[in-house]
Amino acid sequence: MSKEEHGSRLEQTSPAAGDGAERPAPATWLQHHRYRAPAGFASAQMPTYRASTVLFDNVGQMRSRQWRDKSGYTYGLHGTPASFTLERRLADLEGAEHAVLCPSGLSAIALIDLALLERGDQVLIPCNAYAPGRDLAQHMLKSWGIEVAIYDPMRPATLRERLGPRSRLLWLEAPGSVSMEMPDLRALVALARDAGVLTAIDNTWSAGLALRPFELGIDLSMQALTKYQSGGADVLMGAALTRDDRLHESLLRAHMHLGLGVGGDDVSLMLRGLASLPLRYAAHDASARQVARWLEQRPEVARVLHPALPQSPGHAYWQRDFRAAAGLFSVVFDEAIEPRRVDALVDSLRCFGIGYSWGGPLSLAVPYDMASTRAVLTPAAAPDEDRAAQPGYLLRLNIGLEQPEDLIADLEQAMRKAL
Ligand SMILES: *Cc1c(COP(=O)(O)O)cnc(C)c1O
(Lines give C-alpha, C1' and ligand atoms only; values in the text may rest on other atoms or scores of the structure.)
Protein backbone atom coordinates (compact mmCIF):
# COMPACT_ATOMS: atom_id res chain seq x y z
CA MET A 1 0.00 0.00 0.00
CA SER A 2 1.47 3.32 -0.98
CA LYS A 3 2.19 6.14 1.37
CA GLU A 4 -0.50 8.34 -0.15
CA GLU A 5 -3.09 5.64 0.20
CA HIS A 6 -2.82 5.49 3.94
CA GLY A 7 -1.94 8.90 5.25
CA SER A 8 1.57 8.12 6.47
CA ARG A 9 1.83 11.18 8.70
CA LEU A 10 -0.51 9.64 11.25
CA GLU A 11 1.45 7.97 14.01
CA GLN A 12 1.48 4.28 13.36
CA THR A 13 0.96 2.23 16.47
CA SER A 14 0.30 -1.40 17.29
CA PRO A 15 -0.08 -3.51 20.45
CA ALA A 16 3.67 -4.26 20.41
CA ALA A 17 4.68 -0.64 20.17
CA GLY A 18 6.35 1.29 22.97
CA ASP A 19 8.18 -1.08 25.31
CA GLY A 20 6.93 -0.31 28.79
CA ALA A 21 5.76 3.05 27.53
CA GLU A 22 2.13 4.00 27.55
CA ARG A 23 0.25 1.86 25.12
CA PRO A 24 -2.60 3.24 23.12
CA ALA A 25 -5.90 1.48 23.70
CA PRO A 26 -7.22 -0.89 21.01
CA ALA A 27 -9.84 1.71 20.08
CA THR A 28 -6.94 3.96 19.12
CA TRP A 29 -4.45 1.59 17.54
CA LEU A 30 -7.16 -0.09 15.49
CA GLN A 31 -7.40 3.21 13.61
CA HIS A 32 -3.64 3.67 13.28
CA HIS A 33 -2.21 0.18 13.03
CA ARG A 34 1.43 0.08 11.87
CA TYR A 35 1.27 -3.01 9.64
CA ARG A 36 1.54 -2.24 5.96
CA ALA A 37 1.06 -5.08 3.49
CA PRO A 38 3.89 -5.44 0.98
CA ALA A 39 3.51 -3.40 -2.20
CA GLY A 40 3.30 -5.04 -5.60
CA PHE A 41 0.03 -6.95 -5.46
CA ALA A 42 -0.69 -6.85 -9.18
CA SER A 43 -4.21 -8.20 -9.45
CA ALA A 44 -5.53 -8.64 -12.98
CA GLN A 45 -8.48 -6.43 -12.18
CA MET A 46 -8.48 -3.06 -10.47
CA PRO A 47 -9.24 -3.39 -6.75
CA THR A 48 -12.38 -1.95 -5.19
CA TYR A 49 -11.82 1.55 -3.81
CA ARG A 50 -14.26 2.65 -1.14
CA ALA A 51 -13.89 6.12 0.32
CA SER A 52 -15.65 9.12 1.62
CA THR A 53 -12.56 10.63 3.30
CA VAL A 54 -9.37 10.82 1.26
CA LEU A 55 -6.24 11.66 3.31
CA PHE A 56 -3.69 14.36 2.51
CA ASP A 57 -0.06 14.47 3.67
CA ASN A 58 -0.39 18.04 4.91
CA VAL A 59 -2.65 21.08 4.86
CA GLY A 60 -0.84 22.61 1.91
CA GLN A 61 -1.52 19.53 -0.18
CA MET A 62 -5.17 19.56 0.89
CA ARG A 63 -5.53 23.19 -0.19
CA SER A 64 -3.81 22.76 -3.54
CA ARG A 65 -5.42 19.53 -4.67
CA GLN A 66 -7.94 20.10 -7.50
CA TRP A 67 -11.08 18.03 -7.69
CA ARG A 68 -12.10 19.26 -11.10
CA ASP A 69 -9.24 18.29 -13.37
CA LYS A 70 -9.11 14.73 -11.96
CA SER A 71 -5.35 15.00 -11.45
CA GLY A 72 -5.72 13.90 -7.83
CA TYR A 73 -8.10 12.81 -5.12
CA THR A 74 -10.00 15.07 -2.76
CA TYR A 75 -13.13 13.28 -1.59
CA GLY A 76 -14.86 10.02 -2.43
CA LEU A 77 -17.74 11.89 -4.05
CA HIS A 78 -15.38 13.31 -6.67
CA GLY A 79 -13.69 10.10 -7.72
CA THR A 80 -11.38 7.22 -6.91
CA PRO A 81 -8.73 5.47 -9.06
CA ALA A 82 -11.40 2.99 -10.14
CA SER A 83 -14.05 5.57 -11.05
CA PHE A 84 -11.49 7.60 -13.03
CA THR A 85 -10.49 4.38 -14.83
CA LEU A 86 -14.09 3.52 -15.64
CA GLU A 87 -14.72 7.04 -16.95
CA ARG A 88 -11.62 6.85 -19.18
CA ARG A 89 -12.63 3.47 -20.62
CA LEU A 90 -16.18 4.64 -21.32
CA ALA A 91 -14.94 7.81 -23.00
CA ASP A 92 -12.51 5.88 -25.21
CA LEU A 93 -15.16 3.31 -26.10
CA GLU A 94 -17.53 5.95 -27.42
CA GLY A 95 -14.94 8.30 -28.91
CA ALA A 96 -15.49 11.02 -26.27
CA GLU A 97 -12.88 13.08 -24.46
CA HIS A 98 -14.62 13.05 -21.08
CA ALA A 99 -17.09 10.99 -19.10
CA VAL A 100 -18.82 11.69 -15.79
CA LEU A 101 -20.39 8.87 -13.78
CA CYS A 102 -23.81 9.24 -12.15
CA PRO A 103 -25.75 6.93 -9.82
CA SER A 104 -28.28 5.96 -12.54
CA GLY A 105 -29.07 6.58 -16.18
CA LEU A 106 -31.90 8.88 -15.19
CA SER A 107 -29.59 10.97 -13.00
CA ALA A 108 -27.22 11.33 -15.99
CA ILE A 109 -30.15 12.74 -18.00
CA ALA A 110 -30.94 15.09 -15.11
CA LEU A 111 -27.28 16.13 -14.87
CA ILE A 112 -27.17 17.15 -18.54
CA ASP A 113 -30.45 19.09 -18.20
CA LEU A 114 -29.44 20.86 -15.00
CA ALA A 115 -25.90 21.64 -16.17
CA LEU A 116 -26.99 23.24 -19.44
CA LEU A 117 -30.45 24.74 -19.01
CA GLU A 118 -31.43 28.02 -17.40
CA ARG A 119 -34.73 29.78 -16.79
CA GLY A 120 -36.04 31.04 -20.11
CA ASP A 121 -34.33 28.34 -22.17
CA GLN A 122 -36.23 25.84 -24.28
CA VAL A 123 -35.41 22.10 -24.28
CA LEU A 124 -36.67 19.87 -27.12
CA ILE A 125 -37.55 16.25 -26.42
CA PRO A 126 -38.66 13.49 -28.83
CA CYS A 127 -42.20 12.19 -28.27
CA ASN A 128 -40.87 8.60 -28.05
CA ALA A 129 -38.13 9.41 -25.50
CA TYR A 130 -37.42 7.40 -22.35
CA ALA A 131 -40.49 8.41 -20.34
CA PRO A 132 -38.94 9.30 -16.95
CA GLY A 133 -36.49 11.70 -18.63
CA ARG A 134 -39.36 13.37 -20.44
CA ASP A 135 -41.36 13.55 -17.21
CA LEU A 136 -38.44 15.26 -15.49
CA ALA A 137 -38.61 17.99 -18.12
CA GLN A 138 -42.39 18.28 -18.17
CA HIS A 139 -42.68 18.49 -14.41
CA MET A 140 -39.54 19.88 -12.75
CA LEU A 141 -37.86 21.82 -15.57
CA LYS A 142 -41.14 23.42 -16.60
CA SER A 143 -41.84 24.57 -13.04
CA TRP A 144 -38.42 26.28 -13.00
CA GLY A 145 -39.26 28.38 -16.04
CA ILE A 146 -37.69 26.16 -18.71
CA GLU A 147 -39.87 25.67 -21.76
CA VAL A 148 -40.35 22.06 -22.87
CA ALA A 149 -41.19 21.32 -26.51
CA ILE A 150 -42.06 17.81 -27.70
CA TYR A 151 -41.28 16.92 -31.33
CA ASP A 152 -41.79 13.85 -33.48
CA PRO A 153 -38.31 12.58 -34.41
CA MET A 154 -39.70 10.73 -37.44
CA ARG A 155 -40.92 14.05 -38.86
CA PRO A 156 -37.99 16.52 -38.69
CA ALA A 157 -40.35 19.29 -39.82
CA THR A 158 -41.96 19.16 -36.36
CA LEU A 159 -38.55 19.98 -34.90
CA ARG A 160 -37.96 22.80 -37.36
CA GLU A 161 -41.32 24.31 -36.37
CA ARG A 162 -40.43 24.30 -32.68
CA LEU A 163 -36.86 25.65 -32.89
CA GLY A 164 -36.63 29.28 -31.86
CA PRO A 165 -34.36 31.90 -30.33
CA ARG A 166 -34.71 30.37 -26.86
CA SER A 167 -33.92 26.81 -27.97
CA ARG A 168 -30.87 25.60 -26.04
CA LEU A 169 -30.79 21.80 -25.92
CA LEU A 170 -32.11 19.14 -28.31
CA TRP A 171 -32.49 15.62 -26.93
CA LEU A 172 -32.19 12.70 -29.34
CA GLU A 173 -32.82 9.02 -28.77
CA ALA A 174 -32.11 6.19 -31.20
CA PRO A 175 -34.20 4.16 -31.46
CA GLY A 176 -37.23 5.53 -29.60
CA SER A 177 -37.94 3.92 -26.23
CA VAL A 178 -40.35 0.98 -26.53
CA SER A 179 -41.72 2.01 -29.96
CA MET A 180 -38.26 1.53 -31.54
CA GLU A 181 -38.48 3.96 -34.48
CA MET A 182 -35.03 4.90 -35.82
CA PRO A 183 -34.82 8.64 -36.57
CA ASP A 184 -32.71 10.36 -39.21
CA LEU A 185 -30.12 11.57 -36.69
CA ARG A 186 -28.11 13.44 -39.32
CA ALA A 187 -31.13 15.50 -40.39
CA LEU A 188 -32.08 16.34 -36.78
CA VAL A 189 -28.49 17.28 -35.87
CA ALA A 190 -28.22 19.49 -38.96
CA LEU A 191 -31.36 21.40 -37.91
CA ALA A 192 -29.98 21.88 -34.40
CA ARG A 193 -26.59 23.02 -35.70
CA ASP A 194 -28.15 25.59 -38.01
CA ALA A 195 -30.11 26.95 -35.05
CA GLY A 196 -27.04 26.96 -32.74
CA VAL A 197 -28.65 24.43 -30.41
CA LEU A 198 -26.71 21.87 -28.34
CA THR A 199 -27.48 18.19 -28.99
CA ALA A 200 -27.54 15.32 -26.50
CA ILE A 201 -28.37 11.71 -27.31
CA ASP A 202 -29.64 8.94 -25.06
CA ASN A 203 -27.28 6.37 -26.58
CA THR A 204 -28.13 3.50 -24.23
CA TRP A 205 -29.44 1.12 -26.91
CA SER A 206 -26.10 1.21 -28.76
CA ALA A 207 -24.11 0.76 -25.52
CA GLY A 208 -21.58 3.16 -27.07
CA LEU A 209 -20.57 0.31 -29.42
CA ALA A 210 -23.09 0.36 -32.27
CA LEU A 211 -23.27 4.15 -32.75
CA ARG A 212 -20.48 6.76 -32.61
CA PRO A 213 -22.53 9.88 -31.80
CA PHE A 214 -19.60 12.32 -31.78
CA GLU A 215 -18.79 11.42 -35.38
CA LEU A 216 -22.30 12.63 -36.26
CA GLY A 217 -21.55 15.97 -34.59
CA ILE A 218 -23.65 15.31 -31.48
CA ASP A 219 -22.35 17.29 -28.48
CA LEU A 220 -23.22 15.00 -25.57
CA SER A 221 -23.97 11.33 -25.12
CA MET A 222 -25.75 9.75 -22.20
CA GLN A 223 -25.55 6.09 -21.21
CA ALA A 224 -27.62 4.04 -18.79
CA LEU A 225 -24.71 1.80 -17.78
CA THR A 226 -27.35 -0.13 -15.84
CA LYS A 227 -28.09 -1.94 -19.10
CA TYR A 228 -25.31 -3.50 -21.20
CA GLN A 229 -22.17 -2.08 -19.56
CA SER A 230 -23.18 -3.71 -16.29
CA GLY A 231 -24.65 -6.71 -18.05
CA GLY A 232 -25.68 -8.35 -14.79
CA ALA A 233 -29.02 -6.65 -14.09
CA ASP A 234 -27.64 -5.89 -10.63
CA VAL A 235 -26.05 -2.41 -10.75
CA LEU A 236 -27.51 1.03 -11.42
CA MET A 237 -25.26 3.67 -12.98
CA GLY A 238 -25.18 6.25 -15.74
CA ALA A 239 -22.69 8.40 -17.60
CA ALA A 240 -22.63 11.74 -19.43
CA LEU A 241 -19.95 11.98 -22.12
CA THR A 242 -18.63 14.76 -24.32
CA ARG A 243 -15.69 15.82 -26.48
CA ASP A 244 -16.07 19.46 -25.48
CA ASP A 245 -13.93 20.73 -22.58
CA ARG A 246 -16.34 23.51 -21.65
CA LEU A 247 -19.41 21.31 -21.68
CA HIS A 248 -17.49 18.87 -19.51
CA GLU A 249 -16.65 21.68 -17.08
CA SER A 250 -20.34 22.54 -16.83
CA LEU A 251 -21.22 18.89 -16.24
CA LEU A 252 -18.58 18.58 -13.51
CA ARG A 253 -19.72 21.72 -11.72
CA ALA A 254 -23.36 20.57 -11.70
CA HIS A 255 -22.22 17.07 -10.70
CA MET A 256 -20.49 18.55 -7.65
CA HIS A 257 -23.43 20.78 -6.71
CA LEU A 258 -25.82 17.85 -6.90
CA GLY A 259 -23.54 15.31 -5.19
CA LEU A 260 -24.08 12.64 -7.83
CA GLY A 261 -21.27 10.34 -6.68
CA VAL A 262 -21.21 6.59 -7.30
CA GLY A 263 -20.34 3.80 -4.84
CA GLY A 264 -16.99 2.03 -4.99
CA ASP A 265 -18.50 -1.45 -5.08
CA ASP A 266 -20.74 -0.51 -7.98
CA VAL A 267 -17.75 0.89 -9.89
CA SER A 268 -15.94 -2.44 -9.42
CA LEU A 269 -18.92 -4.37 -10.72
CA MET A 270 -19.19 -2.03 -13.68
CA LEU A 271 -15.50 -2.45 -14.59
CA ARG A 272 -15.97 -6.20 -14.41
CA GLY A 273 -19.01 -6.06 -16.68
CA LEU A 274 -17.39 -3.69 -19.14
CA ALA A 275 -14.60 -6.17 -19.91
CA SER A 276 -17.05 -8.53 -21.63
CA LEU A 277 -19.31 -5.86 -23.16
CA PRO A 278 -18.42 -6.35 -26.86
CA LEU A 279 -18.86 -10.13 -26.67
CA ARG A 280 -22.16 -9.93 -24.79
CA TYR A 281 -23.52 -7.20 -27.03
CA ALA A 282 -22.77 -9.27 -30.15
CA ALA A 283 -24.47 -12.31 -28.59
CA HIS A 284 -27.58 -10.31 -27.60
CA ASP A 285 -27.69 -8.84 -31.12
CA ALA A 286 -27.44 -12.22 -32.91
CA SER A 287 -30.04 -13.89 -30.67
CA ALA A 288 -32.47 -10.97 -30.84
CA ARG A 289 -32.35 -10.92 -34.65
CA GLN A 290 -33.00 -14.67 -34.73
CA VAL A 291 -36.02 -14.35 -32.41
CA ALA A 292 -37.26 -11.23 -34.23
CA ARG A 293 -37.11 -12.94 -37.65
CA TRP A 294 -39.00 -15.93 -36.28
CA LEU A 295 -41.69 -13.65 -34.83
CA GLU A 296 -41.98 -11.81 -38.13
CA GLN A 297 -43.07 -15.05 -39.83
CA ARG A 298 -45.85 -15.76 -37.35
CA PRO A 299 -49.47 -15.17 -38.44
CA GLU A 300 -50.34 -13.70 -34.98
CA VAL A 301 -47.73 -10.94 -35.44
CA ALA A 302 -48.53 -7.75 -37.35
CA ARG A 303 -45.11 -6.07 -37.06
CA VAL A 304 -41.78 -6.57 -35.43
CA LEU A 305 -40.22 -3.24 -34.44
CA HIS A 306 -36.50 -4.03 -34.63
CA PRO A 307 -34.32 -1.43 -36.40
CA ALA A 308 -32.23 -4.13 -38.14
CA LEU A 309 -35.32 -5.59 -39.86
CA PRO A 310 -36.14 -3.96 -43.24
CA GLN A 311 -39.83 -3.44 -42.35
CA SER A 312 -39.07 -1.53 -39.15
CA PRO A 313 -39.55 2.28 -39.15
CA GLY A 314 -36.32 4.08 -40.00
CA HIS A 315 -34.43 0.88 -40.91
CA ALA A 316 -32.45 2.74 -43.59
CA TYR A 317 -31.14 5.19 -40.97
CA TRP A 318 -30.06 2.30 -38.77
CA GLN A 319 -28.27 0.77 -41.72
CA ARG A 320 -26.54 4.06 -42.51
CA ASP A 321 -25.44 5.04 -38.98
CA PHE A 322 -25.20 1.88 -36.84
CA ARG A 323 -22.72 -1.00 -36.81
CA ALA A 324 -24.86 -3.41 -34.80
CA ALA A 325 -28.13 -3.71 -32.89
CA ALA A 326 -29.06 -4.34 -29.28
CA GLY A 327 -31.10 -7.25 -27.93
CA LEU A 328 -34.14 -5.07 -27.25
CA PHE A 329 -37.10 -4.84 -29.65
CA SER A 330 -40.91 -4.75 -29.67
CA VAL A 331 -43.68 -6.79 -31.25
CA VAL A 332 -47.11 -5.62 -32.40
CA PHE A 333 -49.69 -8.42 -32.57
CA ASP A 334 -52.52 -8.71 -35.06
CA GLU A 335 -55.21 -6.19 -34.17
CA ALA A 336 -57.73 -8.99 -33.65
CA ILE A 337 -55.70 -10.07 -30.62
CA GLU A 338 -56.91 -8.23 -27.54
CA PRO A 339 -54.43 -6.70 -25.05
CA ARG A 340 -55.52 -9.09 -22.28
CA ARG A 341 -54.42 -12.00 -24.46
CA VAL A 342 -51.00 -10.43 -24.92
CA ASP A 343 -50.85 -10.15 -21.12
CA ALA A 344 -51.81 -13.83 -20.88
CA LEU A 345 -49.03 -14.69 -23.31
CA VAL A 346 -46.53 -12.92 -21.06
CA ASP A 347 -47.88 -14.78 -18.03
CA SER A 348 -47.41 -18.07 -19.92
CA LEU A 349 -43.73 -17.51 -20.73
CA ARG A 350 -41.21 -19.64 -18.84
CA CYS A 351 -37.85 -18.30 -20.07
CA PHE A 352 -38.77 -14.59 -19.89
CA GLY A 353 -38.96 -12.66 -16.65
CA ILE A 354 -41.58 -9.93 -16.23
CA GLY A 355 -39.79 -6.76 -15.19
CA TYR A 356 -38.32 -3.39 -16.18
CA SER A 357 -34.86 -2.58 -17.44
CA TRP A 358 -32.86 -4.60 -19.97
CA GLY A 359 -29.34 -5.51 -21.08
CA GLY A 360 -28.96 -8.32 -18.55
CA PRO A 361 -28.52 -12.07 -19.06
CA LEU A 362 -32.18 -12.92 -18.34
CA SER A 363 -34.70 -12.39 -21.11
CA LEU A 364 -37.60 -10.09 -20.15
CA ALA A 365 -41.07 -9.40 -21.56
CA VAL A 366 -43.13 -6.27 -20.79
CA PRO A 367 -46.44 -5.28 -22.47
CA TYR A 368 -46.96 -1.53 -23.07
CA ASP A 369 -50.09 0.40 -23.97
CA MET A 370 -48.70 2.98 -26.39
CA ALA A 371 -52.04 4.44 -27.46
CA SER A 372 -52.63 6.22 -24.15
CA THR A 373 -49.12 7.68 -23.93
CA ARG A 374 -49.10 8.77 -27.59
CA ALA A 375 -52.33 10.71 -27.25
CA VAL A 376 -50.77 12.73 -24.46
CA LEU A 377 -47.36 13.11 -26.04
CA THR A 378 -48.06 14.10 -29.60
CA PRO A 379 -50.48 16.99 -29.26
CA ALA A 380 -50.92 17.95 -32.90
CA ALA A 381 -47.46 16.66 -33.75
CA ALA A 382 -48.70 13.94 -36.05
CA PRO A 383 -51.55 13.99 -38.54
CA ASP A 384 -54.44 11.64 -37.80
CA GLU A 385 -53.43 9.08 -40.43
CA ASP A 386 -49.94 8.85 -38.87
CA ARG A 387 -51.43 8.35 -35.45
CA ALA A 388 -53.63 5.57 -36.76
CA ALA A 389 -50.54 3.76 -38.08
CA GLN A 390 -48.82 3.93 -34.72
CA PRO A 391 -48.83 0.83 -32.55
CA GLY A 392 -51.39 0.65 -29.76
CA TYR A 393 -50.53 -2.30 -27.58
CA LEU A 394 -47.14 -3.89 -27.93
CA LEU A 395 -44.82 -6.33 -26.28
CA ARG A 396 -41.22 -5.33 -25.59
CA LEU A 397 -38.69 -8.13 -25.39
CA ASN A 398 -35.21 -8.00 -23.90
CA ILE A 399 -33.34 -10.95 -25.36
CA GLY A 400 -30.89 -12.23 -22.78
CA LEU A 401 -28.10 -14.76 -23.05
CA GLU A 402 -30.23 -17.91 -23.21
CA GLN A 403 -30.02 -20.16 -26.28
CA PRO A 404 -32.24 -18.42 -28.87
CA GLU A 405 -33.89 -21.71 -29.94
CA ASP A 406 -35.13 -22.16 -26.37
CA LEU A 407 -36.57 -18.63 -26.34
CA ILE A 408 -38.35 -19.30 -29.63
CA ALA A 409 -39.79 -22.57 -28.32
CA ASP A 410 -40.97 -20.72 -25.22
CA LEU A 411 -42.66 -17.98 -27.27
CA GLU A 412 -44.28 -20.63 -29.43
CA GLN A 413 -45.78 -22.55 -26.50
CA ALA A 414 -47.00 -19.31 -24.87
CA MET A 415 -48.60 -18.12 -28.11
CA ARG A 416 -50.30 -21.47 -28.60
CA LYS A 417 -51.62 -21.31 -25.05
CA ALA A 418 -52.66 -17.65 -24.81
CA LEU A 419 -53.54 -16.47 -28.32
C1 LIG B 1 -33.03 2.42 -18.49
C2 LIG B 1 -32.91 3.61 -19.33
C3 LIG B 1 -32.56 4.84 -18.79
C4 LIG B 1 -32.39 5.07 -17.30
O5 LIG B 1 -31.44 4.26 -16.71
P6 LIG B 1 -31.54 3.92 -15.13
O7 LIG B 1 -30.16 3.52 -14.78
O8 LIG B 1 -32.56 2.82 -15.01
O9 LIG B 1 -31.96 5.17 -14.44
C10 LIG B 1 -32.43 5.90 -19.66
N11 LIG B 1 -32.62 5.76 -20.97
C12 LIG B 1 -32.95 4.58 -21.54
C13 LIG B 1 -33.14 4.50 -23.01
C14 LIG B 1 -33.13 3.48 -20.73
O15 LIG B 1 -33.49 2.33 -21.27
Side-chain angles (χ1 to χ4, degrees), residues 86 90 94 99-114 123 125-138 140 153 169-183 185 199-211 213 218 220-241 255 258 260-263 265-267 269-270 273-274 277 281 284 288 305-307 314 318 322 325-330 353 355-360 362-366 368 370 373 377 394 396-400:
L86 177 57
L90 292 169
E94 203 157 332
V100 184
L101 298 177
C102 295
S104 66
L106 183 54
S107 64
I109 295 174
L111 174 69
I112 291 173
D113 283 336
L114 298 184
V123 59
I125 299 179
C127 59
N128 57 3
Y130 176 67
R134 203 186 50 224
D135 290 347
L136 163 74
Q138 288 191 313
M140 296 190 94
L169 175 65
L170 170 69
W171 272 102
L172 304 159
E173 192 166 329
S177 262
V178 187
S179 48
M180 308 302 293
E181 308 94 337
M182 184 58 74
L185 289 173
T199 47
I201 185 167
D202 183 333
N203 197 23
T204 302
W205 192 79
S206 96
L209 285 174
L211 178 74
I218 295 170
L220 298 124
S221 174
M222 168 266 148
Q223 289 285 339
L225 308 174
T226 305
K227 310 292 166 51
Y228 287 115
Q229 288 83 351
S230 149
D234 53 1
V235 194
L236 289 150
M237 203 178 289
L241 303 101
H255 191 265
L258 296 165
L260 297 176
V262 294
D265 293 280
D266 288 348
V267 169
L269 289 169
M270 199 57 75
L274 197 64
L277 172 67
Y281 194 84
H284 287 291
L305 303 168
H306 184 308
W318 172 82
F322 283 68
L328 187 80
F329 65 92
S330 294
Y356 295 111
S357 206
W358 45 282
L362 173 70
S363 286
L364 300 170
V366 182
Y368 284 88
M370 302 304 286
T373 37
L377 293 174
L394 54 72
R396 190 185 74 173
L397 298 177
N398 168 59
I399 301 302

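Indexing begins at 1, ligand by ligand and atom by atom, following the structure's order.
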N/O pairs closer than 3.5 Å, ligand 1 and protein:
residue: ligand 1; atom: 7 (O); partner: G105; partner atom: N; Å: 2.7
residue: ligand 1; atom: 7 (O); partner: T226; partner atom: OG1; Å: 2.5
residue: ligand 1; atom: 9 (O); partner: G105; partner atom: N; Å: 3.2
residue: ligand 1; atom: 9 (O); partner: L106; partner atom: N; Å: 2.9
residue: ligand 1; atom: 11 (N); partner: D202; partner atom: OD2; Å: 2.6
residue: ligand 1; atom: 15 (O); partner: K227; partner atom: NZ; Å: 2.6
residue: ligand 1; atom: 15 (O); partner: W358; partner atom: NE1; Å: 3.0

Subject >> Pair W358 + Y228: ring centers closer than 6.0 Å >> reply: yes
Original post:
Residues two or more places apart in sequence or in another chain: which of them pass salt bridge (Lys or Arg N to Asp or Glu O under 4.0 Å) with D234?
Top reply: none
Original post:
With H306, which residues qualify under ring-ring contact (aromatic ring centres under 6.0 Å, His included), at least two apart?
Top reply: F329
Original post:
Going by heavy atoms in the side chains, are M237 and L86 under 4.5 Å from each other?
Top reply: yes
**OP:** State the CG-CD distance between L101 and Q223, to the nearest 0.5 angstrom.
**Re:** 11.5 Å
Original post:
Does A129 have any side-chain contact (heavy atoms from CB on, under 4.5 Å) partners at least two apart in sequence or in another chain, and if so, which?
Top reply: I125, P126, E173
